[in-house]
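Have a look at the structure below before the remarks.
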Amino acid sequence: MAELCAVVGVGQTKHAACRADVSIAGLVREAVDRALADANITIADVDAIVIGKAPDSLEGVAMPELWLADALAAHGKPVFRVHTAGSVGGSTAIVAAQHVMAGIHGTVLTIGFEKQSDGNAMWALSVPIPFGMPVHAGAGGYFSPIVRGYIGRSGAPKHIGAMVAVKDRTNACKNPYAHLHEPDWTLEKALETPMLWDPIRFIETCPSSDGAMALVLMSEERADKHAGRKAWVHATAMRSEPTAFAGREQVSPVAGEMCAADLWRKAGIKNPAEEIDVVEMYVPFAWFEPMWLENLGFAPRNEGWRWVEDGITEMGGSLPINPSGGVLSSNPIGASGMLRFGEAAMQVMGKAGEHQIDGAKKAVGHAYGGGSQFFAMWLVSSTKP
Amino acid sequence: MSEADGLVRLRQPIGVTYNWSAGPNATSHLAGLMNGKFVGKRCPSCALVYFPPRNGVCPKCAKILAGDVEVGPKGTITTFCIVNVPFLGQKIKLPYVAAQILLDGADISMQHLIQECEAEDVRIGMRVEPVWKDKSEWGPSLENIQHFRPTGEPDRVMGSESGAS
Ligand SMILES: [Zn+2]
């Protein structure tokens with residue numbers, strides 16, 4: 001029987017296109033110091049550290065865990081690194097939680113980070129390989145044909161992506177840490193932005209950001225003695241599948257469906273749309289909000305876009321998605337998954353400030369990575385399972 | 001090298017050349033390209049044809065792929081993206097179409113460039129054929145094909161799914 005685990009501290013950096021004011025180590029430390037302060041503990045209270053970031057080629061630093069050990073105050077402590085592409089922030093938090101759930105460590109610090117301005121992710125994602133033509137021009141060109149597939153099969157009107165983007169950019173204005181603060185978007189203006197990877201418009205793409213997120217996790221024994229608000233981890237789930245196989249369902253990958261089904265089962269959720277109060281969903285391209293609504297079992301197949309159109313996913317809707325502004329407003333890739341997990345925790349801890357969803361008791365953090373091949377989710381609550 | 005705030009930022013270019021061991025399965029595919037042929041592999045369990053046989057293994061059955069199968073050279077567009085993004089090292093005039101092409105006889109599509117027609121005329125189901133570079137430029141790479149172009153044949157009806165795989 002697994003032990004219980006609670007999030008007791010959350011800390012993130014100010015995300016920006018270029019945090020030239022800090023090194024990668026400084027960026028990481030900024031998030032760590034905030035998480036420790038939020039938990040009201042010091043690094044001396046931490047038993048183990050689990051870090052995650054996107055592929056090293058994106059920042060040009062191989063094995064950053066080696067040289068970051070001092071910035072993490074890891075002296076004499078176990079350090080683990082997790083690596084699952086864009087989902088890494090989620091799977092890193094899961095590995096950290098599992099250290100607690102397994103009864104191995106009482107207090108675990110976990111960090112996801114990325115300093116995109118130090119490297120060139122576009123280049124790193126477009127290098128020639130013998131099996132492909134380097135013609136897709138970055139992640140947008142990879143996902144665009146899949147979005148075209150969704151629009152074709154669901155009959156979604158063309159403005160849905162822009163609606164999601166305007167919502168997330170507007171929400172981000174309530175989040176002081178968000179990279180983009182752009183309060184003046186309207187649907188009309190959004191639809192005037194150019195098609196970059198047709199059918200994906202400029203407004204519908206995530207920025208490239210520097211940023212980090214850190215969480216402090218505790219066992220039930222420690223958390224019960226710990227003053228302060230907590231987010232109890234009710235369930236975690238991970239699934240993966242190959243990037244390319246014959247007949248692969250790219251619009252709604254089976255691994256994503258399995259991951260969500262596993263999460264709902266473990267957490268005893270019968271009707272996700274009814275029982276979940278808020279979702280921090282990994283949406284780097286706006287069209288993925290309706291696609292994941294369906295993939296995760298919230299909306300029926302081909303209906304996700306209607307939920308967007310009806311305002312269900314707005315902050316005032318019945319299933320708010322990404323009140324933080326999401327990946328569309330801040331995308332330090334290696335941190336983005338943990339930002340989703342951490343923001344979900346902040347919601348049930350009542351610490352989300354202006355972008356708080358009132359009375360949120362159950363929240364979901366979601367991340368995916370690679371060619372939609374790694375999926376990570378957790379469900380956190382203000383009360384114990 | 002330094003920012004307005006006086007903090008130093010160094011520019012350090014990284015260039016890397018790797019050796020990549022193709023193994024026996026991918027070798028027949030790459031050797032095929034050097035002879036102007038599209039060589040895929042069949043899964044002995046599910047009989048699906050992989051092109052390219054990237055990992056030498058059927059991702060669904062985990063069986064090692066077996067016999068060589070020549071596919072193409074014509075194919076059908078299953079979905080596509082119109083690229084309008086300039087990026088470092090890009091040599092193609094914008095906008096251009098990066099399409100998923102299902103070569104005849106293959107069960108998985110691959111991405112390649114569509115030229116010799118307007119981007120707005122490209123559609124799912126469109127039949128295309130390869131235009132090879134001059135033989136003197138060939139190597140073990142899909143870049144031996146300059147691009148694909150429409151054949152003018154009637155469109156194929158594709159499934160309602162993206163078919164992007
Ligand atoms: Zn097979």
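These numbers come from a predicted model, not from an experiment.
Interface summary for chain A: among B:Ala106, B:Pro59, B:Cys58, the most heavy-atom pairs under 4.5 angstrom belong to B:Pro59. In terms of non-hydrogen atom pairs under 4.5 Å with chain B, the most contact-rich of A:Gly371, A:Ser117, A:Ser252 is A:Ser117. When each of A:Thr243, A:Val147, A:Ile151, A:Asp118 is scored by its heavy-atom pairs under 4.5 Å with chain B, the top score falls to A:Asp118.
Heavy atoms from other residues, nucleotides or ligands lying under 6.0 Å from CD1 of B:Ile64 number 12 at most. When the shell of 6.0 Å around NZ of B:Lys63 is examined, it contains 12 or fewer heavy atoms from other residues, nucleotides or ligands. Counting non-hydrogen atoms of neighbouring residues, nucleotides and ligands closer than 6.0 angstrom, the NZ atom of B:Lys37 reaches no more than 12 such neighbours.
One N or O on the side chain of B:Lys60 and one on the backbone of A:Ala246 form a donor-acceptor pair closer than 3.5 Å.
Looking at every heavy atom in both residues, B:Gln111 comes nearest to A:Pro145 through NE2-CG, 4.4 Å. The two atoms that bring A:Trp197 and B:Val83 nearest to each other are CD1-CG2, 4.2 Å, heavy atoms only. Closest approach of B:Tyr50 and A:Ala244 over heavy atoms only: CE2-O, 4.4 Å.
Side chains of B:Thr79 and A:Gln250 form no contact here, defined as non-hydrogen atoms less than 4.5 Å apart.
A distance of 10.5 Å separates CG in B:Leu94 from CG in A:Leu196, rounded to the nearest 0.5 Å. Between the CZ atom of A:Phe245 and the SG atom of B:Cys46 there is a distance of 11.0 Å, given to the nearest 0.5 Å. In this structure, the separation between SG on B:Cys81 and CE on A:Met195 is 10.5 Å, given to the nearest 0.5 Å.
Taking A:Phe113 as the reference, nothing meets the ring-ring contact (aromatic ring centres under 6.0 Å, His included) condition, with sequence neighbours excluded. Residues meeting the salt bridge (charged side-chain N to carboxylate O under 4.0 Å, His left out) test with A:Asp21, sequence neighbours left out: A:Arg19.
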After noting the C-alpha distance and the side-chain angles of A:Asp198 and B:Glu120, does the key distance pass the side chain to side chain contact (heavy atoms under 4.5 Å, CB included) rule?
CA-CA 10 Å; A:Asp198 191 339; B:Glu120 68 232 38; over 6 Å; no
